[in-house]
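Since the structure comes first, as structure tokens, the remarks are kept for the end.
For this chain, numbers begin at 1 and follow the sequence in order.
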Amino acid sequence: MTDTRAIRGRLLTFTAEPAGPGDAGSYRYLPDGLLRIEDGRIAACGPADDLLPSLPPGTPMEHHPDALVMPGFIDPHIHFPQTQVIASYGAQLLDWLEKYTFVEEQKYADPAHAAANARFFLDELLRNGTTTAAVYCTVHSQSVDAFFTESERRGTAMIAGKVMMDHGAPDALRDTAQSGYDDSKALIARWHGRGRQRYAVTPRFAVTSTEEQLAASGALLREHPDCYLQTHLSENHAEIATVRARFPWAKHYTDVYDRHGLLGPRSLFGHCIHLEDDEVRRLAEAGSVAVFCPTSNLFIGSGLFDMARLKGHAPPVRTALATDVGGGTSYSMLRTAAEAYKVLQLQGQNLPALTAFHAMTRGNAEALGLRDAIGSLEPGRWADVVVLDSRATPAMAHRMETVRGDLEEELFVLMTLGDDRAVKATYVQGKRAL
């Protein structure tokens, strides 16, 4: 028997990347719209008056007359083991890893600790309206099992992988090139394509992997071409100098990954701040994704992401927007967009509200190669939905008194003043998860 349900409200979904402010052709907005959901997927999206007569009698429906109903947010770079690393004081990247991150990640050898924190992590994502993420686990296979088990229980679509580190980390967090390959291969067999779960081969970064391990990562990708690759690239000057010293044969940091077969359209490179021109060229040619993590880049003091440079390259570098908790300071994609706006302002660039909300939804879905499954309110997509209240706080309500029905201005208020308090509801497969 078909499970039919409905969500009614002010529906907003993007149909293309906005060319800039005022690009009304890039989205579809229904002031009183309805989503008809069947077995977790969107069956129809249209004006409520048109679709209400088609609903079977007694169809459960949740109505949000004053709120914006949008596709669930997508976060393409976040660290599940760093929920208790966020807000750690006073260090830049390499020291921050040693002083805080590696200490916490060792605790994930305990399956009970991993399971408890997976529950917290997914609670927090859904509380912030995020329904899909690309997630770093720890070096321990049990951390991946804990994460995917919890995601599967909730029905969320997640991408995750075991961090691979055979160099430059505490003994308790080091694998070997062979064990990292074997463990990853077993996890791929166990989880990749199981329901809505997908696997990402995850060498942490070139600082913590030998050439043998990077080669093993490339082998995994060749053997499993529908898996993802996620790692870090050119985040911090000291990191880049370390990579240069460890791999003197490489033309640049990106070349280390390129020589081992790690570039491609399913490869997600976090940060990409301090790239040489040839690195930009290779990322563009390979169709790889440069992931912009503004709150992390500011908090750890790494630098400013140059969106115009990457987008202006011919061909352009594909980009995505992410929180990077726990270097990042918020699980909220709204807060992330606010900081992205400031980072770009410092460089004489801009981030219109339409562009930001496209990035959080359809844009990030495209970056992950999942546009046909998530990121828009179109028939056939999973009904992963966030409901946003632009009057959620006194300050927001006060500001909204002057907006007077301007959608783009309302979106800018949401991304500038909004956070988890603006998330009125989150749905996964059409069922309320928050």
Given 3.5 Å as the limit, does a donor-acceptor pair link the side chain of [X] with the main chain of [Y], or not?
{"X": "Glu17", "Y": "Gly363", "value": "no"}
{"X": "Arg335", "Y": "Thr416", "value": "yes"}
{"X": "Glu279", "Y": "Glu276", "value": "yes"}
{"X": "Thr156", "Y": "Ser151", "value": "yes"}
{"X": "Ser267", "Y": "Leu229", "value": "no"}
{"X": "Gln213", "Y": "Met165", "value": "yes"}
{"X": "Asn364", "Y": "Ile74", "value": "yes"}
{"X": "Arg41", "Y": "Gly380", "value": "yes"}
{"X": "Glu212", "Y": "Ala177", "value": "no"}
{"X": "Asp384", "Y": "Val428", "value": "no"}

With sequence neighbours excluded, give me every salt bridge (Lys or Arg N to Asp or Glu O under 4.0 Å) pair touching [range].
{"range": "residues 82-111", "result": "Glu104-Lys107, Glu105-Arg204"}
{"range": "residues 298-309", "result": "Asp277-Arg309"}
{"range": "residues 112-126", "result": "Asp123-Arg154, Glu124-Arg127"}
{"range": "residues 66-93", "result": "none"}

Exercise. Is the number of heavy atoms from other residues, nucleotides or ligands within 6.0 Å of NE2 (His63) greater than 12?
Worked result: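 Atom NE2 in His63 is crowded, with more than 12 foreign heavy atoms closer than 6.0 Å.
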
Worksheet item: With Thr393, which residues qualify under side-chain contact (heavy atoms from CB on, under 4.5 Å), at least two apart?
Response: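 Scan of Thr393 (side-chain contact (heavy atoms from CB on, under 4.5 Å), adjacent residues dropped) gives Ala395, Met396, Arg421.
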
Minimum heavy-atom distance between [X] and [Y], given as atom pair plus value:
{"X": "Ala109", "Y": "Gln142", "result": "O-NE2, 2.7 Å"}
{"X": "Leu221", "Y": "Tyr228", "result": "CD2-O, 3.6 Å"}
{"X": "Ala433", "Y": "Leu126", "result": "CB-CD1, 4.0 Å"}
{"X": "Ala250", "Y": "Val256", "result": "CB-CG2, 3.6 Å"}
{"X": "Ser141", "Y": "Leu187", "result": "OG-CD1, 3.8 Å"}
{"X": "Thr254", "Y": "Leu275", "result": "OG1-CD2, 4.2 Å"}

Considering only residues two or more places apart or on different chains, which pairs with a residue in residues 334-358 satisfy ring pair (Phe, Tyr, Trp, His ring centres under 6.0 Å)?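 Non-adjacent pairs meeting ring pair (Phe, Tyr, Trp, His ring centres under 6.0 Å): Phe14-His358, Tyr341-Phe412.
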
**Asked** Which residue pairs pass the ring pair (Phe, Tyr, Trp, His ring centres under 6.0 Å) test with at least one member in residues 299-319, sequence neighbours excluded?
**Response**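 Sorted result for residues 299-319: Phe292-Phe305.
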
Applying side-chain hydrogen bond (donor to acceptor under 3.5 Å, both in side chains), run through Asp419 and Ser332 and close with a yes or a no.
CA-CA 6 Å; Asp419 53 26; Ser332 170; over 6 Å; no

Could you work out, with side-chain hydrogen bond (donor to acceptor under 3.5 Å, both in side chains) as the rule, every residue matching [X], not counting sequence neighbours?
{"X": "Arg282", "answer": "Asp258, Glu285"}
{"X": "Asp145", "answer": "Arg190, Trp191"}
{"X": "His260", "answer": "none"}

Note: Glu223-Lys185 ion pair, threshold 4.0 Å (strictly below):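 Yes, this pair counts.
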
With a 4.0 Å cut-off, would you call Glu378 and Arg362 a salt bridge?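 Salt bridge present between Glu378 and Arg362.
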
Does a side-chain heavy-atom distance below 4.5 Å link Ile37 with Val385?
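They are not in contact (no side-chain heavy atoms under 4.5 Å apart), so the answer is no.
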
Would you say [Y] and [X] are linked by a side-chain donor-acceptor pair, where the criterion is simply a distance under 3.5 Å?
{"X": "Thr176", "Y": "Gln178", "answer": "no"}
{"X": "Tyr253", "Y": "Glu239", "answer": "yes"}
{"X": "Thr336", "Y": "Thr323", "answer": "no"}

What's the spacing between [X] [atom1] and [Y] [atom2] if we round to 0.5 Å?
{"X": "His79", "Y": "Thr138", "atom1": "NE2", "atom2": "OG1", "answer": "12.0 Å"}
{"X": "Met70", "Y": "Leu414", "atom1": "CE", "atom2": "CG", "answer": "9.0 Å"}
{"X": "Glu366", "Y": "Asp372", "atom1": "CD", "atom2": "CG", "answer": "10.0 Å"}

Query raised in the report: Do Phe205 and His271 make the cut of ring centroids closer than 6.0 angstrom?
Result: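 When the ring centroids of Phe205 and His271 are compared, they turn out to be at least 6.0 Å apart.
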
- Query: What's the verdict on salt bridge (charged side-chain N to carboxylate O under 4.0 Å, His left out) for Arg399 and Glu409, showing C-alpha distance, side-chain angles and the deciding distance?
  - Reply: CA-CA 10 Å; Arg399 173 65 177 87; Glu409 195 171 358; 2.8 Å; yes

Q. What residues form a ring pair (Phe, Tyr, Trp, His ring centres under 6.0 Å) with Tyr108, not counting sequence neighbours?
A.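 In terms of ring pair (Phe, Tyr, Trp, His ring centres under 6.0 Å), with neighbours along the sequence ignored, Tyr108 is linked to Phe80, His113.
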
### Query
Does anything in residues 287-296 pair up under side-chain hydrogen bond (donor to acceptor under 3.5 Å, both in side chains), and if so which pairs, sequence neighbours excluded?
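The answer is Ser296-Asp324.
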
